[in-house]
Amino acid sequence: MLKDFNQKIYVAGHHGMVGSAILRTLEKKGYQNIILRTHAELDLANQAEVKKFFQEEKPDQVYLAAAKVGGIHANNTYPAEFIYQNLMIESNVIHQAFKAGVKKLLFLGSSCIYPKLAPQPIREDALLTGVLESTNEPYAIAKIAGIKLCESYNRQYGQSHGIDYRSVMPTNLYGPGDNYHPENSHVIPALIRRFHEAKMSNAPEVLIWGTGTSMREFLYVDDMAAASVFVMELDKLIYDSHTGLMQSHINVGFGEDITINQLAHLVAETTDYKGKIGFDFTKPDGAPRKWIDSSRLMRLGWKAKIDLNAGLALAYADFLENTAKGTN
Ligand SMILES: NC(=O)c1ccc[n+]([C@@H]2O[C@H](COP(=O)([O-])OP(=O)(O)OC[C@H]3O[C@@H](n4cnc5c(N)ncnc54)[C@H](OP(=O)(O)O)[C@@H]3O)[C@@H](O)[C@H]2O)c1
């Protein structure tokens with residue numbers, strides 16, 4: 001199918017890590033008619049504002065990468081905000097997009113939608129088969145609602161209105177624009193910051209929480225953006241033949257995972273930290289493994305391009321450019 005680079009595309013959340021990568025990818029591919037609003041310009045949790053925006057702009061496509069996002073601490077401390085903000089953003093954007101005649105929408109979820117004890121690697125059909133991780137359950141419930149909103153609008157209005165709303169579920173992401181907050185960041189940005197600071201202060205050892213044996217999967221954010229555009233551009237017949245009406249989401253992962261120990265050594269190499277790496281066995285490890293099954297996406301013809309060595313180097317360069325300057 002021929003691509004129309006003049007399609008009017010709204011990227012929601014374009015200041016965020018994922019939204020900004022989607023914007024970079026769309027621009028690089030030649031899409032020319034992209035509309036953007038910052039959070040200050042448009043509060044997506046506000047129904048009236050979202051309605052006005054969609055009625056005025058009437059985009060052809062929407063990438064929904066805006067969300068209230070945070071680590072375990074923030075999710076545990078502000079569960080009401082996490083469930084309320086995310087449910088409102090999704091309901092407002094998906095419903096008002098439908099009302100304004102948007103034909104294609106991509107909803108970005110997260111692998112936390114899957115049950116805590118789902119078999120590894122986690123397939124798409126593990127959704128709603130068990131109990132969720134309690135720390136981010138409210139956030140996960142909102143993300144599950146986002147998938148179900150897309151599916152329900154497709155089921156009720158797909159044929160009559162020609163709409164096609166899809167969902168992608170990324171694994172852990174990292175890269176430019178990541179959050180390097182000392183207490184509230186994900187594992188890769190936290191390690192980059194700690195190893196960088198240890199190098200700058202000549203600290204003899206960096207101590208990592210846990211045994212280092214638990215395994216995690218990581219995807220560079222530009223790969224995630226490429227996968228998002230790839231999924232959005234897929235022909236409807238092909239997308240439908242690889243998904244189900246009530247199981248329409250697609251996992252996006254790197255395809256391999258590594259131990260926290262291996263990751264720590266890679267980050268030490270990337271940041272050129274020469275001291276020792278120790279493990280604090282008294283601290284918890286978290287789940288032993290969290291690895292999603294991306295074979296559905298791979299069967300569709302997509303594969304990640306940026307491995308952890310290359311991705312960490314790019315992430316560290318971005319950290320030095322945009323974050324470290326203020327911390328040294
Ligand atoms: N980062 C990961 O490892 C990861 C992994 C899996 C899935 N994801 C998913 O990817 C999506 C984007 O995540 P991200 O890492 O890019 O998060 P992020 O960097 O925090 O970006 C989220 C963006 O949404 C905006 N936003 C939040 N509430 C808003 C509102 N009410 N109205 C308008 N804009 C609002 C934020 O603006 P402000 O900053 O101004 O509030 C920010 O620009 C999320 O759905 C997340 O679940 C991320």
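All values below come from the heavy atoms of this structure, side chains included, with hydrogens, waters and symmetry mates left out. All ligand and atom numbering here is 1-based and tracks the order in the structure.
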Using heavy atoms and a 4.0 Å limit, tell me yes or no: is [X] in contact with ligand 1?
X      : result
Lys143 : yes
Thr38  : no
Asn179 : no

Work out which heavy atom in Glu217 is nearest to a heavy atom in Ser294; give both atom names and the distance.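 Heavy atoms of Glu217 and Ser294 come nearest at OE2-OG, 4.4 Å.
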
Tell me the closest heavy-atom pair linking Leu219 and Asp223, and the distance in Å.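 Closest heavy-atom pair between Leu219 and Asp223: CD1-CB, 3.8 Å.
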
For the pair [X] (side chain) and [Y] (backbone), establish whether a donor and an acceptor sit closer than 3.5 Å, ignoring hydrogens and angles.
X      : Y      : value
Asp178 : Pro189 : no
Gln32  : Phe5   : no
Asn251 : Ile122 : yes
Tyr239 : Ser248 : yes

Closest candidate by heavy atom, reference [atom], pool [options]:
atom                    : options                      : answer
atom 16 (O) of ligand 1 : Ile89, Val168, Val18, Leu108 : Val18
atom 9 (C) of ligand 1  : Gly109, Ala21, Gly146        : Gly109
atom 34 (N) of ligand 1 : His39, Met17, Met224         : His39

Relative to the heavy atoms of [X], which atoms of ligand 1 are at a distance of less than 4.0 Å?
X      : value
Val69  : 13 (O), 17 (O), 20 (O), 44 (C), 46 (C)
Ala45  : 31 (N)
Leu42  : 32 (N), 33 (C)
Gln85  : 31 (N)
Asp43  : 30 (C), 31 (N), 32 (N)
Thr171 : 5 (C), 6 (C)
Tyr139 : 46 (C), 47 (O)

[Y] and [X], any side-chain heavy atoms less than 4.5 Å apart:
X      : Y      : value
Ser111 : Met169 : no
Leu266 : Asn309 : yes
Lys29  : Glu233 : yes

For [atom], grab the closest protein heavy atom and report residue, atom and distance to one decimal in Å.
atom                    : result
atom 21 (O) of ligand 1 : Gly16 CA, 3.2 Å
atom 32 (N) of ligand 1 : Leu44 N, 2.9 Å
atom 22 (C) of ligand 1 : Ala67 O, 3.6 Å
atom 4 (C) of ligand 1  : Leu173 CD1, 3.6 Å

Worked verdict on Tyr153 versus His161 for side chain to side chain donor-acceptor pair (under 3.5 Å): CA-CA 10 Å; Tyr153 278 73; His161 292 68; over 6 Å; no

So, applying ring pair (Phe, Tyr, Trp, His ring centres under 6.0 Å) with Phe195, which one of Tyr180, Phe319, Tyr273 is it?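 Option passing the ring pair (Phe, Tyr, Trp, His ring centres under 6.0 Å) with Phe195: Tyr273.
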
So, regarding Ala65 and ligand 1 (criterion: nitrogen or oxygen to nitrogen or oxygen, under 3.5 Å), is there a contact or not?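 Such a contact does not occur with ligand 1.
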
Contact check: Ala66 vs ligand 1, nitrogen or oxygen atoms, below 3.5 angstrom: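 No.
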
Closer than 4.0 Å and a protein heavy atom, does any atom meet both conditions relative to atom 40 (O) of ligand 1?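 Given the 4.0 Å cut-off, atom 40 (O) of ligand 1 counts as touching protein heavy atoms.
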
Between Lys148 and Glu151, is the closest basic N to carboxylate O distance under 4.0 Å?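 Yes, charged N to carboxylate O under 4.0 Å.
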
